[in-house]
> 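Please see the structure below; I have some questions.
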Amino acid sequence: MGNCHTVGPNEALVVSGGCCGSDYKQYVFGGWAWAWWCISDTQRLSLEVMTILCRCENIETSEGVPLFVTGVAQVKIMTEKELLAVACEQFLGKNVQDIKNVVLQTLEGHLRSILGTLTVEQIYQDRDQFAKLVREVAAPDVGRMGIEILSFTIKDVYDKVDYLSSLGKTQTAVVQRDADIGVAEAERDAGIREAECKKEMLDVKFLADTKIADSKRAFELQKSAFSEEVNIKMAEAQLAYELQGAREQQKIRQEEIEIEVVQRKKQIAVEAQEILRTDKELIATVRRPAEAEAHRIQQIAEGEKVKQVLLAQAEAEKIRKIGEAEAAVIEAMGKAEAERMKLKAEAYQKYGDSAKMALVLESLPQIAARIAAPLTKVDEIVVLSGDNSKVTSEVNRLLAELPASVHALTGVDLSKIPLIKKATGVQV
């Protein structure tokens, strides 16, 4: 029988031996392997990184300057099967420190040989190149032992003859000189650059101020535009709200109107029924009695009408009879007046001027009465004259002018009448 052996990734397991004197070897890392009792052998080899500190003291360079160099190397056993087999052949059964010593001797030997080919300046100033050169030279040798150089760096380089310090002083002086020159040039360039920077700063500042002003103006314009748009939207929303409110009020009003219409229709229907009831009531209480009364009054009126017609006919017949009688009387009187006038005309024609004068004399009292009619309303006439003979003369003058006035009106000459002639004193 046998055992099952496991191993982690930082360790290699070597199983050797087998049945019938087999020389088969099994290399396992990060896995497991089976080993038979008594006929199989199992050994382990560390695969962890090993740190090696290399010190080379008092090693002369190509210029003969003794240096003390310290380097640090990181190495490990490679896991490829062939190289792992080589490493197991050389280091199996040894501890980590023995492996480090072997690798250390190899690295120090190569380090000494490389130091003898380089100058102090090359070693001191370009340590990375120096360390790279050591890795490249030592890698094949340690590789043949199944070892891989992961890294190699120079930790320290110094000497005891003050070569590096002297080199450093010279270099320090050169560097100091160059530093002073550099400082002066830097100050000069700094002044120029500062002025240029100030100019650029002012240009940038002015440009930034301009852009800020443009941005602020654009912002204000955009803000105004947004405010205008917001105000428009708010106004539209307000108008929409008011319009919707008006629509709702209109709907409410329409509903109220419809309700009022329905109520009005109901009221009209009720009023119509009331009118029908009132009409029937009026017909029963007023119209029928009124029609009966109207029929009675109509019969009475027709009887009165017939009575009035008959009375009017009788009155008309009476008036006709009276008119006929009066016409006969007037006709008789007219005929008598005509006969009288005829006889008077014949008498006037017969007597001539004397008849005319008689007619005028008959008319004079009527004319005098008509002329003196306004004086009948006078209660008293006062003649203002202090001379009685003058009143008399005025009366005589009026009497003297009377025949001329009558002659002008009637064509009859009263001055031919002896009485009037004597009264007026007219000379013929």
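What you see is a predicted model; the values in this text were computed from it and never measured. Numbers for residues simply follow the sequence, beginning at 1.
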> What is the distance from atom NZ of K307 to atom CG of L311, rounded to the nearest 0.5 Å?
6.5 Å
> Given side chains that start at C-beta, do those of M50 and I99 come closer than 4.5 Å, heavy atoms only?
yes
> Distance from I149 atom CD1 to T106 atom OG1, nearest 0.5 Å?
9.0 Å
> What do the steps show when you test E220 against K216 for salt bridge (Lys or Arg N to Asp or Glu O under 4.0 Å), and what is the final call?
CA-CA 6 Å; E220 293 296 333; K216 186 178 292 184; over 6 Å; no
> How about C54 and L104: do any of their side-chain heavy atoms sit closer than 4.5 Å?
yes
> Indicate yes or no: at least one non-hydrogen side-chain atom of R253 is less than 4.5 angstrom from one of E260.
yes
> If I take atom CD from residue E302 and atom NZ from residue K305, how far apart are they, to the nearest 0.5 angstrom?
7.5 Å
> Is there side-chain contact between V75 and V142, with heavy atoms separated by less than 4.5 Å?
no
> List in chain and number order the residues that pass salt bridge (Lys or Arg N to Asp or Glu O under 4.0 Å) with K321, two or more places apart in sequence or in another chain; answer none if no residue qualifies.
E317
> Applying side chain to side chain donor-acceptor pair (under 3.5 Å), can you list everything that pairs with K199, at least two apart in sequence or on another chain?
D203
> Between atom CD of E304 and atom CD1 of I300, what is the distance when rounded to the nearest 0.5 Å?
9.5 Å
> How about M78 and I147: do any of their side-chain heavy atoms sit closer than 4.5 Å?
no
> Quick one: CG on L111 to CZ on F152, what's the gap to the nearest 0.5 Å?
5.0 Å
> Which residues pass the salt bridge (Lys or Arg N to Asp or Glu O under 4.0 Å) test with R217, sequence neighbours left out?
none
> Can you list everything that forms a side chain to side chain donor-acceptor pair (under 3.5 Å) with Q244? Sequence neighbours excluded, please.
E248
> Between E271 and R264, does the side chain to side chain contact (heavy atoms under 4.5 Å, CB included) criterion hold? Intermediate values first, please.
CA-CA 10 Å; E271 291 178 355; R264 185 60 180 170; 4.1 Å; yes
> Kindly write out the residues that satisfy side chain to side chain donor-acceptor pair (under 3.5 Å) with Q74, not counting sequence neighbours, or none if the list is empty.
T51
> Could you pull out every donor-acceptor pair under 3.5 Å between side chains of residues 206-214 and any protein atom, sequence neighbours left out?
residue : atom : partner : partner atom : Å
D209    : OD2  : K205    : NZ           : 3.1
T210    : OG1  : F206    : O            : 2.7

> Considering residues, nucleotides and ligands other than Q250, do more than 12 of their heavy atoms fall under 6.0 Å from its CD?
no
> Restricting to salt bridge (Lys or Arg N to Asp or Glu O under 4.0 Å), what partner residues turn up for E315, sequence neighbours left out?
none
> What residues form a side chain to side chain contact (heavy atoms under 4.5 Å, CB included) with Q254, not counting sequence neighbours?
E258
> Once rounded to the nearest 0.5 Å, what's the spacing between atom NZ of K94 and atom CG of N101?
9.5 Å
> Does some side-chain heavy atom of D98 sit less than 4.5 Å from a side-chain heavy atom of N95?
yes
> Test: salt bridge (Lys or Arg N to Asp or Glu O under 4.0 Å). Region: residues 138-158. Which pairs qualify, not counting sequence neighbours?
D141-R144
> Would you check if V72 and I52 make a side-chain contact, meaning some heavy-atom pair closer than 4.5 Å?
no
> Is there side-chain contact between M145 and V86, with at least one heavy-atom pair below 4.5 Å?
no
> Examine the side chains of Q267 and Q263 and answer whether a donor and an acceptor come within less than 3.5 Å of each other.
no
> Residues two or more places apart in sequence or in another chain: which of them pass side chain to side chain contact (heavy atoms under 4.5 Å, CB included) with K132?
Q129, R135, E136
> Test of understanding: with side chain to side chain donor-acceptor pair (under 3.5 Å), list the residues that count as partners of Q273, not counting sequence neighbours.
none
> Could E331 and K335 be called an ion pair, given the rule that one side-chain N must be under 4.0 Å from one carboxylate O?
yes
> Once side chain to side chain contact (heavy atoms under 4.5 Å, CB included) is applied, do any residues pair with I232, and if so which ones, sequence neighbours excluded?
E228, E236
